[in-house]
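Here is how names work: the chains are called A, B, and so on, in the same order as the sequence lines, proteins then strands, and each is numbered from 1.
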2 protein chains.
Amino acid sequence: MRQALLDAAVEIVRRDGAGALTLRAVARAARVSHMAPYHHFADKAALVAAVAREGFRGLRREMEARIERCPDDPRARFRESGIAYVAFAVKHPNLFRVMFGPETADTDANPELQAEARGVFGLMQRLLKQSQAGYAIREDDARQIGLTAWSLVHGLAMLCIDGQFGPEATSPAGAERLAYAATGALFRGLRR
Amino acid sequence: MRQALLDAAVEIVRRDGAGALTLRAVARAARVSHMAPYHHFADKAALVAAVAREGFRGLRREMEARIERCPDDPRARFRESGIAYVAFAVKHPNLFRVMFGPETADTDANPELQAEARGVFGLMQRLLKQSQAGYAIREDDARQIGLTAWSLVHGLAMLCIDGQFGPEATSPAGAERLAYAATGALFRGLRR
DNA sequence: ACCTGAACACCGTTCAAGT
DNA sequence: ACCTGAACACCGTTCAAGT
């Protein structure tokens, strides 16, 4: 039952956006009374957090699937994890916005959700460390470089789905092209 | 009247977040009937867009104020515009979220808002070009480098206010420190 | 032109019951 | 333990009036 409600919630967000996600709509989709969801989620914030959690799991899965395509090149794996991050955002923009939206951000008191988010960053961080060990990337400060890389792909993802880069950046192909260019620029640096 | 309603709306967002922004609350704050706002804004989306527009103007103002502190170093000006971007986000997190939130993103049909957003990116782009002319930054492709820089500061700003970097990154001082480190890493590159 | 108040369909949430 | 239905205070929005 809980899973059915959650599936319905994810489906609603995916199709109609976070604005359409209401407890009553979820209950209707699951063909139960408008009060039934309260037996499985404390309140609306808990439902939103559960949806966001599903999103983080999906993001991580896509990142892991993508880096399997290049098992032998640590730097390519690090980079591809970032490409997958951006690709996920444009493929599931509504879900991505819920994952980093204000309703989720307020939920500081949700350790499960925080753990899932941290898992994504942790994956990137591991790939970074393997690249450093492979002498492909500077060894300054792994945490600082990791935050920089995460910020770059996160900002790119957000601006893509907000349409700030134009309509071509909202397609997976266009967004991936931008992500390759941006990660390339980060690797090389702006300095001449 | 319109300005009074808009001021009230910005104040509500600033204090209680986008979730508290309702037409009726704005009307109450301005001491008019709950229908009065409709004479100045077509609907709620138009009010949200107007709030976002105010935000973009404030962001641009802070960026311009900050780069005046270093009139003679093109590269420092480019960098400081990015620092100001992140600083603005942590100083006005609720406003920043409205500027790039889903309610605003849907408003593709709002040319005034798009123009304001484009103005911010345009400012960064001009500073970048002046840095290139000053031989501080590679001349590859100005637009590509501009998108990369914008993505970096935007992602950093978003992750800071989402608390993903921990509580210390939500203070202006902490966020600026991160922004200096991240922009430095972008300038130098990750490659060893 | 600008403001008002009643009305409608929606929401989240509480509460008292039902099985 | 799980589900239900009535009820309450809120919303956005429409409409018919008022000045």
Quick one: CG on Leu59(A) to CG on Leu123(A), what's the gap to the nearest 0.5 Å? 9.0 Å

May I have the list of side-chain donor-acceptor pairs in residues 36-51 of chain A shorter than 3.5 Å, sequence neighbours left out?
{"unit_1": "Asp43(A)", "atom_1": "OD1", "unit_2": "Ala45(A)", "atom_2": "N", "d": "3.3"}
{"unit_1": "Asp43(A)", "atom_1": "OD1", "unit_2": "Ala46(A)", "atom_2": "N", "d": "3.1"}
{"unit_1": "Lys44(A)", "atom_1": "NZ", "unit_2": "Leu21(A)", "atom_2": "O", "d": "3.0"}

Listed by chain and number, what are the ring pair (Phe, Tyr, Trp, His ring centres under 6.0 Å) partners of Phe96(A), not counting sequence neighbours? Tyr85(A), Phe100(A), His154(A)

Dot-bracket for DNA chain D, please. Rules: Watson-Crick or G-U, both distances under 3.5 Å, ( ) within the strand, [ ] when a pair crosses earlier ones, | for another strand, . otherwise. ||.|||||...|||||.||

Identify, with sequence neighbours excluded, every residue that meets side-chain contact (heavy atoms from CB on, under 4.5 Å) alongside Thr22(B). Arg24(B), Ala25(B)

Under the side-chain contact (heavy atoms from CB on, under 4.5 Å) test, residues paired with Thr170(A) that sit two or more places apart: none

Rounded to the nearest Å, what distance is computed from the NE2 atom of residue His40(B) to the C1' atom of nucleotide dC2(C)? 7 Å

Using a 4.0 Å cut-off on protein heavy atoms (strictly under), produce a 5'-to-3' string for nucleotides 13-19 of chain C with B for base contact, S for backbone-only sugar-phosphate contact, and - for none. BBB----

Tell me the interatomic distance from Leu21(B), atom CG, to dG12(D), atom C1', rounded to whole angstroms. 12 Å

Does the side chain of Arg28(B) get closer than 4.0 angstrom to OP1 or OP2 of dC11(D) through an N or O atom? yes

Just the rounded figure in Å: distance from P of dC10(D) to CG of Asp16(B). 15 Å

Atom pair distance, as rounded to whole Å: CG in Leu5(B) and C1' in dC3(C): 12 Å

Can you list every pair that meets side-chain hydrogen bond (donor to acceptor under 3.5 Å, both in side chains) and has a residue in residues 177-192 of chain B, with sequence neighbours left out? Glu139(A)-Arg192(B), Arg66(B)-Tyr180(B), Arg79(B)-Thr183(B), Glu80(B)-Tyr180(B)

For Asp73(A), enumerate each residue passing the side-chain contact (heavy atoms from CB on, under 4.5 Å) test, keeping only those at least two apart in sequence or located in another chain. Arg75(A), Ala76(A)

In terms of side-chain heavy atoms of Ala25(B), which of dC2(D), dC3(C), dC11(D) is nearest? dC11(D)

Is there a side-chain polar atom (N or O) of Thr22(B) under 4.0 Å from OP1 or OP2 of dC11(D)? yes

Side-chain polar contacts of residues 4-14 of chain B - donor-acceptor pairs under 3.5 angstrom, sequence neighbours left out - could you list them?
{"unit_1": "Asp7(B)", "atom_1": "OD1", "unit_2": "Gln3(B)", "atom_2": "NE2", "d": "2.9"}
{"unit_1": "Arg14(B)", "atom_1": "NH1", "unit_2": "His92(B)", "atom_2": "ND1", "d": "2.7"}

